Amino acid sequence: MGLLYGIGAYGIWGLFPLYWPLLEPAGAVEILAHRMAWSLVAVVLALLVARRWAWIPELLRQPRKLGLIAVAAAVITMNWGVYIWAVNAGHVVESSLGYFINPLVTIAMGVVLLKERMRPAQWAAVGIAFAAVVVLAVGYGRPPWISLVLAFSFATYGLMKKKVNLGGLESLGAETAVLFLPAVGYLVWLGFQGSASFGSAGVGHMALLASTGLVTAVPLVFFGAAAIRVPLSMLGLLQYLAPVFQFLVGVLYFREAMPPERWAGFGLVWVALTLLTWDALRSARRTRGEAARLAACAAAKTPAPAPAPVEAPRP
């Protein structure tokens with residue numbers, strides 16, 4: 001069941017490029033505002049069903065966490081907005097690249113901001129990814145800014161979530177509560193301007209815009225269910241499903257161009273991710289082996305020999 005939940009979560013995220021064009025003629029900013037507003041509605045309903053409210057008073061007593069949530073809300077707004085615009089503007093493949101390189105950007109941010117130490121394989125993976133960005137910049141005739149914005153904004157969002165340390169639904173509820181009033185204010189302003197698409201493109205279109213809340217909340221619930229049922233190493237492998245699906249949708253469904261230099265850039269990224277995954281699995285295996293050895297020594301009630309230096313696995 002955990003594997004199915006994980007596939008469901010990353011599968012839905014990976015098929016988002018098929019969903020956003022259905023919301024036209026709404027523009028990217030209007031779609032984003034609806035997503036903010038309806039996400040809060042969906043999360044509140046989910047929290048009502050689960051009766052998970054105890055975290056709210058505790059959160060309100062922590063100004064630092066509230067500030068981090070406000071930053072996370074701003075960053076995920078940027079990520080959502082750029083992604084929706086990019087998909088509807090025909091840049092699905094470049095968007096998928098952002099989520100391919102996101103794990104590498106996260107590692108680099110850990111080194112720069114958190115002073116974490118990288119293993120040699122991780123350094124090599126980050127270096128290969130940098131070379132891939134250079135190759136793609138030459139191929140596009142410009143830096144792949146959509147990919148870079150998506151990767152860095154989502155990595156920053158992950159960093160904020162790590163510091164806040166709230167569950168998936170709880171943190172999304174807090175973030176969308178921050179975004180709710182600006183989003184509704186923008187939608188009301190659009191209505192007064194007579195440029196809102198909500199209500200002017202039929203009942204089906206209204207339902208699709210309202211469903212942005214469910215589309216946001218459901219994969220998050222699936223992800224939470226998967227996270228407590230499958231090993232972290234498997235969850236780390238499943239995360240690549242989303243950009244793979246996005247890439248396939250862009251190439252096979254939307255028929256986006258893939259000239260040789262773009263294939264070369266993506267190939268380098270995939271080599272970097274393969275190296276990163278191999279290193280993470282190897283480190284996790286060594287850590288599990290060391291834990292099993294110590295457990296066996298403890299069970300035999302014998303002093304454990306001095307352990308070989310084993311570096312803790314890093315995300």
Side-chain angles (χ1 to χ4, degrees), residues 6 10 64-65 67-69 71-72 75-76 79 97-136 143-144 147-168 171 223 226-228 230-240 242-243 265-298 304-315:
Y10 287 110
R64 180 177 176 275
K65 278 195 174 184
L68 291 173
I69 285 172
V71 174
V75 171
I76 200 62
N79 182 274
L97 176 64
Y99 294 105
F100 274 125
I101 65 176
N102 174 68
L104 298 159
V105 172
T106 299
I107 289 174
M109 287 181 67
V111 172
V112 174
L113 300 178
L114 304 180
K115 308 303 180 184
E116 295 179 351
R117 293 176 59 191
M118 287 203 302
R119 295 184 291 273
Q122 291 175 318
W123 279 110
V126 171
I128 294 170
F130 180 78
V133 171
V134 172
V135 170
L136 288 165
S147 308
L148 295 174
V149 169
L150 291 176
F152 276 91
S153 60
F154 202 73
T156 304
Y157 178 66
L159 179 64
M160 295 299 105
K161 298 267 280 191
K162 180 181 177 67
K163 290 181 176 295
V164 171
N165 194 27
L166 273 179
S171 61
F223 174 80
I228 61 176
V230 300
L232 188 61
S233 57
M234 181 175 290
L235 205 61
L237 292 175
L238 287 175
Q239 73 174 318
Y240 298 126
F266 270 85
L268 286 172
V269 169
W270 294 332
V271 168
L273 292 177
T274 301
L275 180 60
L276 188 68
T277 302
W278 168 79
D279 178 69
L281 292 175
R282 183 187 63 166
S283 179
R285 191 181 306 114
R286 290 172 59 192
T287 303
R288 285 196 300 270
E290 182 65 17
R293 185 186 64 82
L294 292 173
C297 290
V310 175
E311 194 169 351
R314 300 184 184 278

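It should be emphasised that the depicted structure is a prediction, and the values quoted were computed from it without experimental measurement. Quick note: residue numbers are just sequence positions, from 1.
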In this structure, CG of N102 is separated from CD1 of I107 (nearest 0.5 Å) by 10.0 Å
When rounded to the nearest 0.5 Å, the distance separating CG of L97 from CG of L150 is 9.5 Å
Which atom names give the shortest non-hydrogen contact between A272 and A129, and what distance separates them?
CB-N, 4.1 Å
For atom CZ of F152, is the number of surrounding heavy atoms from other residues, nucleotides or ligands below 6.0 Å larger than 12?
no
Do V271 and T274 come close enough that some side-chain heavy atom pair is under 4.5 Å?
no
Kindly compute the distance separating CG (L68) from NZ (K163), expressed to the nearest 0.5 Å.
7.5 Å
Counting C-beta onward and ignoring hydrogens, is there a side-chain heavy-atom pair between V126 and L276 closer than 4.5 Å?
no
Under the side-chain contact (heavy atoms from CB on, under 4.5 Å) rule, collect the residues that match up with V75, sequence neighbours excluded.
V71, S153, T156, Y157
Gap between atom CG of L273 and atom CZ of F266 - 0.5 Å precision
11.0 Å
Mind checking side-chain contact (heavy atoms from CB on, under 4.5 Å) for A121 and listing every partner two or more places apart, or none if nothing turns up?
L275, W278, D279
Can you give me the closest heavy-atom contact between Q122 and M118, atom names plus distance?
OE1-CA, 3.3 Å
Of all heavy-atom pairs linking V269 and A132, the shortest is CG2-CB, 3.5 Å
Heavy-atom count around Y240 OH within 6.0 Å, excluding the residue itself: above 12?
yes
Say you draw a straight line from CE of M160 to CD1 of I69; how long is it, rounded to the nearest 0.5 Å?
11.5 Å
Less than 4.5 Å apart, side chain to side chain, heavy atoms only: is that true for P144 and V133?
yes
Can you give me the closest heavy-atom contact between A151 and G98, atom names plus distance?
CB-O, 3.3 Å
Looking only at heavy atoms, the pair that brings A155 and T106 closest together is CB-OG1, 3.6 Å
